[in-house]
2 protein chains.
Amino acid sequence: MLENVSAKKRVDPRVRRTRQWLQQALLDLMAEKSFEAITVQGLAERAGVNRATFYAHFNDKYALLEYAMRAQFQEKLRAELPEGAPFRPENLQRLIQLVAENMAEVQDHCPQPRGQMDTLMEKQVKAELHETLRGWLGGLPTGRRAGKPTTDQAATIASWAIYGAAVQWSQRERREPANEFAQQVLPFILAGLQPVAFGVAPETPTAARGRKRSAA
Amino acid sequence: MLENVSAKKRVDPRVRRTRQWLQQALLDLMAEKSFEAITVQGLAERAGVNRATFYAHFNDKYALLEYAMRAQFQEKLRAELPEGAPFRPENLQRLIQLVAENMAEVQDHCPQPRGQMDTLMEKQVKAELHETLRGWLGGLPTGRRAGKPTTDQAATIASWAIYGAAVQWSQRERREPANEFAQQVLPFILAGLQPVAFGVAPETPTAARGRKRSAA
DNA sequence: GTGAATTTGTCGCTTTGACGACGGAGGCCC
DNA sequence: GGGCCTCCGTCGTCAAAGCGACAAATTCAC
C-alpha cells in the first residue's frame, strides 16, 4: 500500500493532498481525544475525504499514525538539515536536538494516554534516523571506509543510542533545553561512530584524554 | 460551464476545492500584480492545479474573476444575513453596509490598476443584490403584493441605487464608516421600495411629513 | 523585421477520488 | 436471547483531476 514515506519520486498531487489532509485530521483529533477513541470515519470526515479513500491509502488508523509520525519528523529534518548536509559534528548535534524536540512536541500535543503511539513513533523516528546516518556514514569521502554491513550496524547503534537518550531526557521531570541536551549527548555518539568513521576502535575517554584532536 | 455560483446543490467536494484554490490563487496574485499581468498558468501553478483543470472550470481568467467576485460577496452575505433572513429595515441596512465594505475591501486588496475588475465586480455584486432583494420582495407576507415583473423591476432599481451609492461613497477622499453610510442611504432605498412593498405609490418627503408611520 | 520563448486552448488517456451499497463484526439495551 | 446501532472493510461505477502533447497565438529580444 504505502511503500515508503521518503521515496518521493513524482507523486500525484492529489495523493499528496489526500495524505496531508488525513495526517492533519489525525493530529487535530489526537489533541481532542485518545487515539483509541478515534474512528476511521471520524478521520475521513475531518479530512473532508471519503471514507473509502482512506482505505485506498492506509490499511487502518495505525498505518496512518505511522505515516504521520514519520512524515512529521521528516519534515522537521528536511527543514533543519537541508538535502545533502555533510557529516559534521554540528549537524549530528542538530539531529540529536531534533529528535528531542520532536518527542517533546508530540508529548504535549497529545495529552491523552498514548498507548500504541509511543511504540509507533519510536519505530518511525528510528527508521528515519537510521537512514540519515547511513547516508552520512556510507558516503564518507575518505578512501578508507567501512563496508555496507558495518555502516548499517553503526547507524543502527547510533539510532538506538540517540533515541534512548531522548526518551530518558523527555521523561525527566526537570529537563534542560533541547540544545543543551544535544550538546551533552553528542560526544558519546561521535565516539561510538569512531570505528566506522575513521577505521579505528573507539578510545576510552581516559585514553583520549592524553592527546587532543587527533583527527579532524 | 459554470451555471451559477449560488446554485449549490450537492457539489462534488473536489470541484468545490478546485474552485476554492483557484479563487484564492487569484486573490493572492492580485495583491502582487495587476490583473492583466496574471496568466492562466500562473494561476494554475499557484493553486496547485493542472492547467487543463483550470479550463475545465473556467473559460479564461475573466470568468474566474467573475466567479471569485461573486463568491466573495456571497460569502459575506451568508455570514451577515444567514439563510432566509426576513425583509426588515435593519436587514436592508446591513445589506447596504455589506456592499460598501466589500467594495472598500476589494479596492485596497488590489492596489494595482484595476481595469476590467470594477466592471466585473459591479455585474456580480448587483446580480447577487438583485437576487436577495427579489427574494425579499417576492415573499412578502401581505396578501396585497405586486406581481413578478414589478418585483423584478423594484429589485433592479434598488440594486442599482445601492451599488451607485456605494461607488460614490468608496470614491470619497474622506469617507465616513460604512455603517454610518448605510444608515444614511437606507431611507432612500426604503422609500423607493414603498410601491411594491405596500402597494401604494411612494410619497414625497413633503407629503409624508404630515402623517407618521402610516404602515408598519 | 526574424526567431526563440512563452502562453494559450484543446486533445486523449490514465489515475484518483466520490459515492452508494453491501455484508459482517462488535457494543448496548431491554 | 433478539433487536438496534455504529463502525468496519470492500466493491463497482462514474466523475474529476493529472499529465503529456499538440498547433496556434502571443510576447520578447536582438
Side-chain angles (χ1 to χ4, degrees), chain A residues 1-5 7-26 28-30 32-68 71 112 115-116, chain B residues 1-5 7-26 28-30 32-68 71 112-113 115-116 120:
Chain A
M1 175 136 317
L2 248 182
E3 59 294 345
N4 194 341
V5 183
K8 47 171 183 182
K9 35 176 164 51
R10 290 281 169 254
V11 191
D12 191 313
R14 291 169 289 183
V15 176
R16 296 182 62 80
R17 283 178 206 140
T18 299
R19 294 185 183 163
Q20 188 83 27
W21 295 335
L22 286 171
Q23 181 183 344
Q24 192 54 50
L26 178 63
D28 285 0
L29 289 176
M30 288 232 284
E32 300 171 9
K33 53 177 89 169
S34 80
F35 181 66
E36 285 71 24
I38 294 177
T39 76
V40 171
Q41 76 183 3
L43 281 163
E45 274 174 25
R46 181 68 68 104
V49 154
N50 194 281
R51 195 165 56 86
T53 302
F54 176 95
Y55 289 105
H57 289 269
F58 304 99
N59 283 323
D60 48 37
K61 62 180 181 177
Y62 298 96
L64 171 60
L65 181 55
E66 264 193 43
Y67 175 85
Q112 320 291 346
Q116 292 268 27
Chain B
M1 174 135 316
L2 249 183
E3 58 294 346
N4 195 340
V5 182
K8 46 172 183 182
K9 37 176 164 50
R10 289 282 169 253
V11 191
D12 191 315
R14 290 170 290 183
V15 175
R16 296 184 64 80
R17 285 178 204 139
T18 299
R19 294 186 182 162
Q20 188 83 26
W21 295 334
L22 287 171
Q23 181 184 344
Q24 191 55 50
L26 177 63
D28 285 359
L29 289 175
M30 289 232 284
E32 300 172 8
K33 53 178 90 169
S34 80
F35 181 66
E36 285 73 21
I38 294 177
T39 76
V40 169
Q41 76 182 4
L43 281 163
E45 275 175 24
R46 180 68 68 106
V49 155
N50 193 282
R51 196 165 55 85
T53 303
F54 176 94
Y55 289 106
H57 289 269
F58 304 99
N59 283 322
D60 48 36
K61 62 181 181 177
Y62 298 96
L64 171 59
L65 181 55
E66 264 192 43
Y67 175 84
Q112 319 293 345
Q116 292 268 28
L120 258 165

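Note that this is a predicted model, so its numbers are computed, not measured.
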Any N/O pairs under 3.5 Å between the protein and nucleotides 26-29 of chain C? List them or say none.
none

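- Distance CG/A:L22 to NE2/A:H57: 7.0 Å, rounded to 0.5 Å.
- Taking atom CG of residue B:N59 and atom C1' of nucleotide C:dT8, one finds them 13 Å apart after rounding to whole Å.
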I would like to know whether A:E32 and A:I38 meet side-chain contact (heavy atoms from CB on, under 4.5 Å); could you show each step before the answer? CA-CA 9 Å; A:E32 300 171 9; A:I38 294 177; over 6 Å; no
Run A:F58 and A:V40 through side-chain contact (heavy atoms from CB on, under 4.5 Å) and show every step you take. CA-CA 10 Å; A:F58 304 99; A:V40 171; over 6 Å; no
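- With a cutoff of under 4.0 Å to any heavy atom of chain B, the contacted region of DNA chain D is bounded 5' to 3' by D:dA15 to D:dA21.
- For the residue pair A:L43 and A:F54, the shortest heavy atom distance occurs at CD1-CE1, 4.1 Å.
- The two residues B:R17 and A:V49 come nearest to each other via the heavy atoms NH2-N, 4.2 Å.
- A pairwise comparison of heavy atoms in B:A44 and B:R51 identifies CB-CA, 3.8 Å as the closest pair.
- With values rounded to the nearest 0.5 angstrom, B:F35 atom CZ is found 7.0 Å from B:L120 atom CG.
- Following rounding to the nearest Å, B:D60 (CG) and C:dT8 (P) show an atom-to-atom distance of 10 Å.
- Distance OG1/B:T39 to NZ/B:K33: 6.5 Å, rounded to 0.5 Å.
- Every residue two or more places apart in sequence or in another chain was checked for a side chain to side chain contact (heavy atoms under 4.5 Å, CB included) with B:E45, and none qualifies.
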Each nucleotide N or O in nucleotides 17-21 of chain C that has a protein N or O under 3.5 Å away: list the pair and distance.
from, atom 1, to, atom 2, distance (Å)
C:dG17, OP1, A:R14, O, 3.3
C:dG17, OP1, A:T18, OG1, 2.8
C:dG17, OP1, A:H57, NE2, 3.2
C:dG17, OP2, A:H57, NE2, 2.9
C:dG17, N2, B:R14, NH2, 3.3
C:dG17, N3, B:R14, NH1, 3.1
C:dA18, OP1, B:R17, NH1, 3.1
C:dA18, OP1, B:R17, NH2, 3.3
C:dA18, OP2, A:N50, N, 3.2
C:dA18, OP2, A:T53, OG1, 2.9
C:dA18, O4', B:R14, NH2, 3.4

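- The two residues A:D60 and A:A63 have their closest heavy-atom pair at OD1-N, 3.0 Å.
- In this structure, the helix from C:dG1-D:dC30 to C:dC30-D:dG1 shows an angle of 40° between the axis at its start and the axis at its end, each fitted on 5 base pairs and rounded to 10°.
- In this structure B:Q20 satisfies the side chain to side chain contact (heavy atoms under 4.5 Å, CB included) test with no other residue, sequence neighbours excluded.
- A:K61 places no side-chain N or O within donor-acceptor distance of the main-chain N or O of A:L26, the cut-off being under 3.5 Å.
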